[in-house]
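What you see below is based on every heavy atom in this structure, not just the backbone, and it leaves out hydrogens, waters and symmetry mates. Just so it is clear, the structure is predicted and the values come from calculations on it, not from any experiment.
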Amino acid sequence: RGWDRWFATFSDGDPHYFNYDVNDQGTIRHFGTNDSDYKTDVISTHTNAFISNSAGAGTPFFAYVAPIAPHEPATPAPRHVHAYDGEKAPRLSSFNEVDVSDKPSWIRQLPRLTSEQIAAVDDRHEKRVESLQAVDDLVAGVINTLNRTTPDGANPLDNTYIFFTSDNGFFHGEHRIPRQKWRPYEEDIQVPLVVRGPGVAAGSTTYRLTLNTDYLSTFADLAGAQIPSYVDGRSLGPVLDESVTSWRNAILLEAAANYSPAYRGIRTVNTSTIARRKYVEYSGGARELYNLESDDFELANRYEAAAPPEALAARLQELKSCGANAAVTCRAAEDGL
């Protein structure tokens with residue numbers, strides 16, 4: 001409902017790169033194990049056909065393209081199986097952290113990674129990198145399809161925004177965590193966001209705090225549509241064209257129980273009035289506080305029960321309750337107003 005063209009996986013929820021079913025406009029189609037059935041390539045073919053048809057007709061279009069790579073099992077396309085043999089996962093300062101005595105109990109109980117576990121981390125990373133090569137091919141295909149003159153003499157690439165992003169980060173042995181997500185550390189909560197399009201300066205970088213809830217507002221704004229009043233996010237338009245004068249300086253982090261008790265936290269960005277910090281409250285009482293200005297990799301938990309960060313705690317409370325508190329809107333809580 002709401003889509004003109006629908007082509008999406010129809011399965012048991014487990015990711016499959018081969019041997020999967022797709023809902024194609026309401027018809028279930030099966031794709032097998034031939035090289036031509038590789039899911040990223042199939043998605044690429046249908047994406048480019050949709051873009052080509054839409055651009056050729058001279059009609060505005062929106063394409064949401066969601067390949068599963070590099071989600072496990074991170075099966076590479078046959079042509080990329082040995083493209084990165086021996087590739088190792090990043091070795092950040094937090095990799096296989098030596099001293100976790102300052103961390104909550106569920107991190108303290110993790111032993112240091114063994115050589116076998118590190119080899120598994122590297123093997124998984126190699127497959128992830130190899131599986132992403134087909135995604136690179138998909139992106140190149142989209143650019144090439146857009147960069148073709150239409151019958152009316154226009155070049156769709158000149159008037160198209162492309163957003164490249166992801167849904168979550170992933171652990172590769174940082175803080176002794178061998179894999180997965182669902183934690184409040186930087187390796188988990190940070191995702192890539194690369195944007196190109198009209199008015200976006202080539203090669204520019206911004207460090208504004210952005211949330212995936214911003215995409216709806218952004219796409220509506222760029223398309224000239226009315227932004228729904230009920231959405232939490234804000235348009236990135238002023239950030240992209242560098243006209244922004246004020247922006248949020250704090251975001252809410254939250255997750256239900258999984259590999260730790262449920263938590264809520266606040267992550268701030270450096271401004272003239274606040275420092276780049278992170279403060280997390282877990283159900284059950286555990287707390288974490290990091291000064292990200294001097295400790296990018298969250299190696300030293302600075303929380304002291306005798307001297308809690310009262311200002312951060314109070315602002316976190318505002319972020320936690322703003323949706324139900326008419327006195328403090330969520331935007332005001334993010335902006336620190």
Novice: Would you check, one step at a time, whether the test salt bridge (charged side-chain N to carboxylate O under 4.0 Å, His left out) holds for R5 with D24?
Specialist: CA-CA 8 Å; R5 181 74 179 92; D24 184 358; 2.9 Å; yes
Novice: Under the side chain to side chain donor-acceptor pair (under 3.5 Å) definition, can you give me all pairs with a residue in residues 194-209, not counting sequence neighbours?
Specialist: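 Of all non-adjacent pairs touching residues 194-209, none passes side chain to side chain donor-acceptor pair (under 3.5 Å).
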Novice: Between atom CG of N96 and atom CD1 of I118, what is the distance when rounded to the nearest 0.5 Å?
Specialist: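 N96 CG to I118 CD1: 5.0 Å, rounded to 0.5 Å.
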Novice: Without swapping roles, check the side chain of R248 against the backbone of L209 for a donor-acceptor pair under 3.5 Å.
Specialist: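 Checking the backbone N and O of L209 against the side chain of R248, a donor-acceptor pair under 3.5 Å is found.
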Novice: Is the shortest distance from a Lys or Arg side-chain nitrogen in R276 or D296 to a carboxylate oxygen in the other one below 4.0 Å?
Specialist: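 Salt bridge between R276 and D296, a charged N being under 4.0 Å from a carboxylate O: yes.
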Novice: Check the pair L319, E334 against side-chain contact (heavy atoms from CB on, under 4.5 Å), reporting the backbone distance first and the verdict last.
Specialist: CA-CA 7 Å; L319 286 169; E334 289 181 341; 3.9 Å; yes
Novice: Which atom pair, heavy atoms only, marks the closest approach of G173 to L113?
Specialist: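 Nearest pair, atom of G173 first, then L113: CA-CD1, 3.6 Å.
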Novice: Do the non-hydrogen side-chain atoms of V142 and V65 ever get within less than 4.5 Å of each other?
Specialist: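 Heavy-atom side-chain distance check fails, nothing below 4.5 Å.
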Novice: Check this for me: does any side-chain nitrogen of one of E254 and K320 sit under 4.0 Å from a carboxylate oxygen of the other?
Specialist: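 K320 and E254: not salt-bridged.
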Novice: Do I143 and I162 touch side chain to side chain, with heavy atoms closer than 4.5 Å?
Specialist: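 A side-chain contact under 4.5 Å exists here.
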Novice: Pick from E187, E186, E298: which one makes a side-chain hydrogen bond (donor to acceptor under 3.5 Å, both in side chains) with S94?
Specialist: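 Result: among E187, E186, E298, E187 is the only option passing the side-chain hydrogen bond (donor to acceptor under 3.5 Å, both in side chains) with S94.
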Novice: Got a donor-acceptor contact below 3.5 angstrom from the R277 side chain to the N270 backbone?
Specialist: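 Side chain of R277 to backbone of N270, a donor-acceptor pair under 3.5 Å: no, none is there.
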Novice: Is a donor on one side and an acceptor on the other found under 3.5 Å between the side chain of R176 and the backbone of L110?
Specialist: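 Such a contact is found between R176 side chain and L110 backbone.
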Novice: Kindly say whether T75 contributes a backbone atom to a donor-acceptor pair with the side chain of Y38 at under 3.5 angstrom?
Specialist: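 Indeed, once roles are kept as given, a pair shorter than 3.5 Å links the two residues.
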Novice: Would you say V139 ends up clustered with V195 if hydrophobic residues are merged whenever their side chains have heavy atoms under 4.5 Å apart, either directly or through other cluster members?
Specialist: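 Different clusters.
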Novice: Nearest 0.5 Å please: distance from the CG atom of N258 over to the OH atom of Y263.
Specialist: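 If I round to the nearest 0.5 Å, the distance is 10.0 Å.
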Novice: Rounded to the nearest 0.5 Å, how far apart are CD1 of I107 and OG of S101?
Specialist: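 Here the interatomic distance stands at 13.0 Å.
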Novice: State, without any angle test, whether S131 and Y17 hold a side-chain donor-acceptor pair at a distance under 3.5 Å.
Specialist: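 The answer is no; no qualifying pair exists.
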Novice: Check whether Q117 reaches the backbone of T114 with its side chain - one donor and one acceptor, N or O, closer than 3.5 Å.
Specialist: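 Indeed, once roles are kept as given, a pair shorter than 3.5 Å links the two residues.
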Novice: With heavy-atom distances below 4.5 Å as the criterion, would you say the side chains of T45 and F7 are in contact?
Specialist: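 Contact flag for T45/F7 side chains = no.
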Novice: Could you name each residue pair satisfying ring pair (Phe, Tyr, Trp, His ring centres under 6.0 Å) that touches residues 224-260, not counting sequence neighbours?
Specialist: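 Of all non-adjacent pairs touching residues 224-260, those that pass ring pair (Phe, Tyr, Trp, His ring centres under 6.0 Å) are W182-Y259.
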Novice: Working to the nearest 0.5 Å, report the span between CG of L253 and CD1 of I266.
Specialist: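 The distance works out to 8.5 Å.
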Novice: Can V22 and H30 be said to form a side-chain contact (heavy atoms from CB on, under 4.5 Å), step by step?
Specialist: CA-CA 6 Å; V22 162; H30 181 74; over 6 Å; no
Novice: Hey, is OH on Y84 packed in by over 12 heavy atoms from elsewhere, all under 6.0 Å?
Specialist: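 Count not over threshold, so no.
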Novice: For residues A55 and P156, report the shortest heavy-atom separation together with the two atoms involved.
Specialist: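 Result for this residue pair: CB-CG, 3.7 Å.
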Novice: Considering non-hydrogen atoms only, spot the tightest contact between I189 and P184 and give its length.
Specialist: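 For I189 and P184, the tightest heavy-atom pair comes out as CG2-O, 3.8 Å.
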Novice: Do the side chain of D241 and the main chain of G199 share a donor and acceptor less than 3.5 angstrom apart?
Specialist: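 Not confirmed, D241 side chain does not pair with G199 backbone.
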Novice: Which atoms form the tightest heavy-atom contact between I43 and P67, and what is the distance?
Specialist: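 Here I43 and P67 meet closest at CD1-CA, 4.0 Å.
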Novice: Check whether the side chains of H82 and D85 place a donor and an acceptor atom closer than 3.5 Å, and report yes or no.
Specialist: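 A donor-acceptor contact under 3.5 Å links the two side chains.
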Novice: Where is the tightest heavy-atom contact between D102 and N301, given as atom of each residue plus distance?
Specialist: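 So the minimum-distance heavy-atom pair works out to OD2-N, 2.6 Å.
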Novice: Show which residues join V191 in its hydrophobic cluster (side-chain heavy-atom contacts under 4.5 Å, direct or indirect), or state none.
Specialist: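 Traced through the cluster, V191 reaches no other member.
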Novice: Test: side chain to side chain donor-acceptor pair (under 3.5 Å). Region: residues 144-154. Which pairs qualify, not counting sequence neighbours?
Specialist: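 Listed once each, the pairs are N48-T145, N147-N155, T150-D152.
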Novice: Any side-chain heavy-atom pair from L252 and L316 closer than 4.5 angstrom?
Specialist: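 When only atoms from C-beta onward are counted, L316 and L252 do touch, with a gap below 4.5 Å.
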Novice: Is any side-chain heavy atom of F62 closer than 4.5 Å to one of L222?
Specialist: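 Counting from C-beta outward, L222 and F62 never come under 4.5 Å.
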Novice: Heavy atoms, side chains only, cut-off 4.5 Å: are F297 and E97 in contact?
Specialist: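 They are not in contact (no side-chain heavy atoms under 4.5 Å apart), so the answer is no.
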Novice: Please report the shortest heavy-atom distance between P261 and S283, naming the atom on each side.
Specialist: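 In terms of heavy atoms, the two residues are closest at CB-O, 3.3 Å.
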Novice: Does the ring centre of F219 sit less than 6.0 Å away from the ring centre of F163?
Specialist: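 Close enough - the centres of the two rings lie under 6.0 Å apart.
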Novice: Is it possible for you to say whether V231 and L211 belong to one hydrophobic cluster, with membership spreading through side-chain heavy-atom contacts below 4.5 Å?
Specialist: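 V231 and L211: separate clusters.
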Novice: First locate atom NZ of K278, then atom CG of L292, and finally report the distance between them rounded to the nearest 0.5 Å.
Specialist: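 Reported to 0.5 Å precision, the distance equals 6.0 Å.
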Novice: Enumerate the side chain to side chain donor-acceptor pair (under 3.5 Å) contacts for residues 53-70, please, sequence neighbours excluded, ordered by first and then second residue.
Specialist: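 Those involving residues 53-70 do not exist here.
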Novice: Has E310 got more than 12 heavy atoms of other residues, nucleotides or ligands less than 6.0 Å from its CD?
Specialist: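 No, the 6.0 Å shell around CD holds no more than 12 heavy atoms from other groups.
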Novice: For the residue pair I51 and T160, establish whether any side-chain heavy-atom pair is separated by less than 4.5 Å.
Specialist: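 The answer is no, as the side chains (C-beta and beyond) never meet within the 4.5 Å cut-off.
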Novice: Please determine whether salt bridge (charged side-chain N to carboxylate O under 4.0 Å, His left out) holds for the pair R234 and D221, giving the CA-CA distance in whole Å, both sets of side-chain angles, and the decisive distance to 0.1 Å.
Specialist: CA-CA 9 Å; R234 59 187 77 186; D221 184 24; over 6 Å; no
Novice: Would you check, one step at a time, whether the test side-chain contact (heavy atoms from CB on, under 4.5 Å) holds for D137 with R79?
Specialist: CA-CA 12 Å; D137 291 344; R79 63 186 180 280; 3.0 Å; yes
Novice: Does Y279 reach the main-chain N or O of T268 with its side chain, forming a donor-acceptor pair under 3.5 Å?
Specialist: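 Side chain of Y279 to backbone of T268, a donor-acceptor pair under 3.5 Å: no, none is there.
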Novice: Do K127 and P70 have side chains that get closer than 4.5 Å, going by heavy atoms?
Specialist: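 When only atoms from C-beta onward are counted, P70 and K127 do not touch, as no gap falls below 4.5 Å.
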Novice: Assigning hydrophobic clusters by single linkage (Ile, Leu, Val, Met, Phe, Trp, Tyr; side-chain heavy-atom cutoff under 4.5 Å), is Y215 placed with L240?
Specialist: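 Yes, it is one cluster - the side chains of Y215 and L240 are joined through contacts under 4.5 Å.
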Novice: Decide side-chain contact (heavy atoms from CB on, under 4.5 Å) for Q180 and F171; before the verdict, give the C-alpha distance in whole Å, the side-chain angles of both, and the deciding distance to 0.1 Å.
Specialist: CA-CA 6 Å; Q180 278 300 352; F171 289 98; 5.8 Å; no
Novice: Between the side chain of N23 and the main-chain N/O of F10, is any donor-acceptor distance below 3.5 Å?
Specialist: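 Judged by distance alone, no pair lies under 3.5 Å.
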Novice: Can you find a side-chain donor-acceptor pair between N34 and S36 that sits under 3.5 Å?
Specialist: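 Looking only at side-chain atoms, S36 and N34 do not form any donor-acceptor pair under 3.5 Å.
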Novice: Using modelled atom types and a 3.5 Å cut-off, is there a donor and acceptor pairing between side-chain atoms of Q25 and backbone atoms of W6?
Specialist: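 Yes; judged by distance alone, with no hydrogens or angles, the pair exists.
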Novice: Check this for me: does any side-chain nitrogen of one of D167 and K181 sit under 4.0 Å from a carboxylate oxygen of the other?
Specialist: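 The answer is no: the pair does not qualify as a salt bridge.
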Novice: Nearest 0.5 Å please: distance from the CG atom of L138 over to the CD atom of Q133.
Specialist: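 So the gap between those two atoms works out to 12.5 Å.
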Novice: With sequence neighbours excluded, what pairs up with D232 under the side chain to side chain donor-acceptor pair (under 3.5 Å) test?
Specialist: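 None.
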Novice: Which one of F95, W106, Y185 satisfies the ring-ring contact (aromatic ring centres under 6.0 Å, His included) criterion with H175?
Specialist: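 With H175 as partner, F95, W106, Y185 yield a single ring-ring contact (aromatic ring centres under 6.0 Å, His included), made by Y185.
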Novice: State whether the side chain of R128 and the backbone N or O of A74 hold a donor-acceptor pair below 3.5 Å, judged by distance alone.
Specialist: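 Here the side-chain-to-backbone pair does not exist.
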